[in-house]
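Contents: one structure, followed by commentary.
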Amino acid sequence: MLAVNSGIDPLLKRPFSIHRRLGGDFQILYRVTGKGTAILSKRCLGDILEVVGPLGKGFPVKTTRDKIILVAGGVGIAPIFALAEEIKMKKPLLFYGARTKDEALCLNELKSLGIKPVISTDDGSLGAKDNIVNVLKDFLSHNSVGARLPRPYSQLLTLNPSPVTRHVIYACGPEPMLRALSLLAKEYNLKGYIALEQNMACGIGACLGCVVKTKEGYKRVCKEGPVFPIEEVVWE
Ligand SMILES: Cc1cc2nc3c(=O)[nH]c(=O)nc-3n(C[C@H](O)[C@H](O)[C@H](O)COP(=O)(O)OP(=O)(O)OC[C@H]3O[C@@H](n4cnc5c(N)ncnc54)[C@H](O)[C@@H]3O)c2cc1C
Ligand code: FES
């Protein structure tokens, strides 16, 4: 939670993901969407801003033989990049959707991690002219077998999983993207984790202003999240 100003206007801190950790420092990557981020964009080198954090729960990186698929939409690349940097040795696949070529960020930095993202843009100025969930769906339809086989075969594959490519998803992006991704994960029986966004006031679990509905009741995005298992979130 970052105070964009030293005064009381705006009163509330704004939530941001940790984009990169560089020694003892960290970077955020943000899009100007309103008053707070507009003020932030005017801050200068050497300005001191109040920060509370790190808060909440990040992406769990488990020991898994599953192939990791990262999915980022727009400025959702901010935390997905941090994750990619952490798990680059696992050679994750990255599907990255942006509105335009100019809004596809961090491409050189991803290259330096050895990650070549599959990109789509709304206007077709870079990569496929499609939304990134459709692009991922197309990939899965050619590369994921276990989930779509009839039952007896699925059981066989559980006994001997080695020839099967299984995937686990980690995603951050706009709500419609995450919603569509949840349906896709269900269709392909994939596990995964999604980072949600909600307007936040306190950021520390006290005001209940950021709750989302989950299969286990309402949960606070700032405290129990922002990352939730993909199958846990109830979309309304
Ligand atoms: C856990 C978390 C991590 C985030 N990480 C990043 C990040 O790394 N980079 C980044 O650019 N943004 C991130 N955001 C979104 C960011 O917090 C908002 O864009 C920011 O608070 C907007 O502040 P503002 O004063 O500029 O806009 P406001 O004037 O408060 O709002 C402008 C518009 O943006 C919408 N908005 C405000 N807050 C959010 C929000 N949290 N989610 C969706 N829409 C919102 C408002 O409804 C309004 O339409 C994150 C949000 C959360 C909850
Ligand atoms: S922002 Fe106050 S409980 Fe989450």
Side-chain angles (χ1 to χ4, degrees), residues 2 4 14-22 25-34 36-38 40-43 58-59 61 67-144 167-185 188 190 192-198 226-227 230:
L2 176 71
V4 296
R14 300 300 197 257
F16 295 98
S17 312
I18 294 174
H19 172 52
R20 295 191 87 175
R21 278 182 288 175
L22 303 162
D25 298 330
F26 70 92
Q27 288 181 349
I28 64 166
L29 175 72
Y30 66 95
R31 182 197 297 281
V32 175
T33 55
T37 41
L40 186 60
S41 71
K42 306 273 184 328
R43 311 313 319 174
F59 290 109
V61 185
K67 186 77 185 161
I68 293 175
I69 293 181
L70 307 175
V71 188
V75 80
I77 192 67
I80 292 296
F81 182 88
L83 180 62
E85 203 162 35
E86 194 179 330
I87 61 165
K88 62 181 180 220
M89 299 309 283
K90 293 178 189 277
K91 301 203 179 312
L93 301 173
L94 171 58
F95 289 78
Y96 182 13
R99 287 193 286 214
T100 65
K101 181 182 177 185
D102 292 342
E103 294 195 14
L105 307 173
C106 306
L107 300 185
N108 285 335
E109 291 84 351
L110 286 166
K111 201 172 169 188
S112 70
L113 297 183
I115 296 176
K116 192 170 179 289
V118 177
I119 296 178
S120 74
T121 47
D122 294 348
D123 66 354
S125 51
L126 187 66
K129 185 177 189 298
D130 204 343
N131 79 62
I132 200 64
V133 179
N134 281 343
V135 176
L136 176 59
K137 185 173 185 163
D138 188 50
F139 169 84
L140 289 173
S141 70
H142 293 97
N143 293 281
S144 181
H167 300 100
V168 57
I169 294 173
Y170 292 80
C172 183
E175 189 184 307
M177 182 195 100
L178 297 180
R179 195 183 274 260
L181 204 54
S182 299
L183 288 175
L184 189 65
Y188 280 85
L190 301 180
Y193 300 90
I194 50 178
L196 299 183
E197 283 194 9
Q198 280 284 38
V227 175
I230 197 164

Practice item. Check for a donor-acceptor pair, side chain of Thr121 on one end and backbone N or O of Lys129 on the other, with a separation under 3.5 Å. Key: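 Answer holds: no.
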
Exercise for review: Would you check if the side chain of Tyr193 reaches a backbone N or O of Gly58 as a donor-acceptor pair within less than 3.5 Å?
Suggested key: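 Looks like no, no N/O pair under 3.5 Å.
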
Between [X] and [Y], which heavy-atom pair has the shortest distance, and what is it?
X: Lys137; Y: Tyr188; answer: O-OH, 4.0 Å
X: Ser125; Y: Lys101; answer: OG-N, 2.8 Å
X: Ser17; Y: Ile28; answer: O-CG2, 3.5 Å
X: Leu70; Y: Ile80; answer: CB-CG2, 3.9 Å
X: Tyr96; Y: Ile77; answer: OH-CG2, 3.5 Å

Exercise for review: Assess whether atom NZ of Lys116 is packed by more than 12 heavy atoms of other residues, nucleotides or ligands within 6.0 Å.
Suggested key: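 Check fails, neighbour count at 12 or below.
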
Exercise for review: Give, for atom CG of Asp138 and atom CG of Asp130, the distance between the pair rounded to the nearest 0.5 Å.
Suggested key: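 Result: 8.5 Å between the selected atoms.
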
Check your understanding: So how far is it from Leu105 CG to Leu107 CG, rounded to the nearest 0.5 Å?
Key ->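 The CG atom of Leu105 sits 7.5 Å away from the CG atom of Leu107.
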
Exercise for review: Establish, from distance only, whether the side-chain atoms of Asp102 and Thr100 form a donor-acceptor pair under 3.5 Å.
Suggested key: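 Side chains of Asp102 and Thr100: no pair found under 3.5 Å.
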
Practice item. Output yes when Glu103 and Arg31 qualify as a salt bridge under the 4.0 Å nitrogen-oxygen rule, no when they do not. Key: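 A salt bridge is present here (some side-chain N lies under 4.0 Å from a carboxylate O).
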
Review point. Ring centroid separation for His19 and Phe81, is it under 6.0 angstrom?
Key: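 Between Phe81 and His19, which both carry aromatic rings, the centre distance is below 6.0 Å.
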
Practice item. Verify whether the ring centers belonging to Phe59 and Tyr170 lie closer than 6.0 Å. Key: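 So the answer is yes for these two rings.
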
**Study point:** Arg99/Asp123 under side chain to side chain contact (heavy atoms under 4.5 Å, CB included): CA gap, chis, key distance, verdict
**Key:** CA-CA 7 Å; Arg99 287 193 286 214; Asp123 66 354; over 6 Å; no

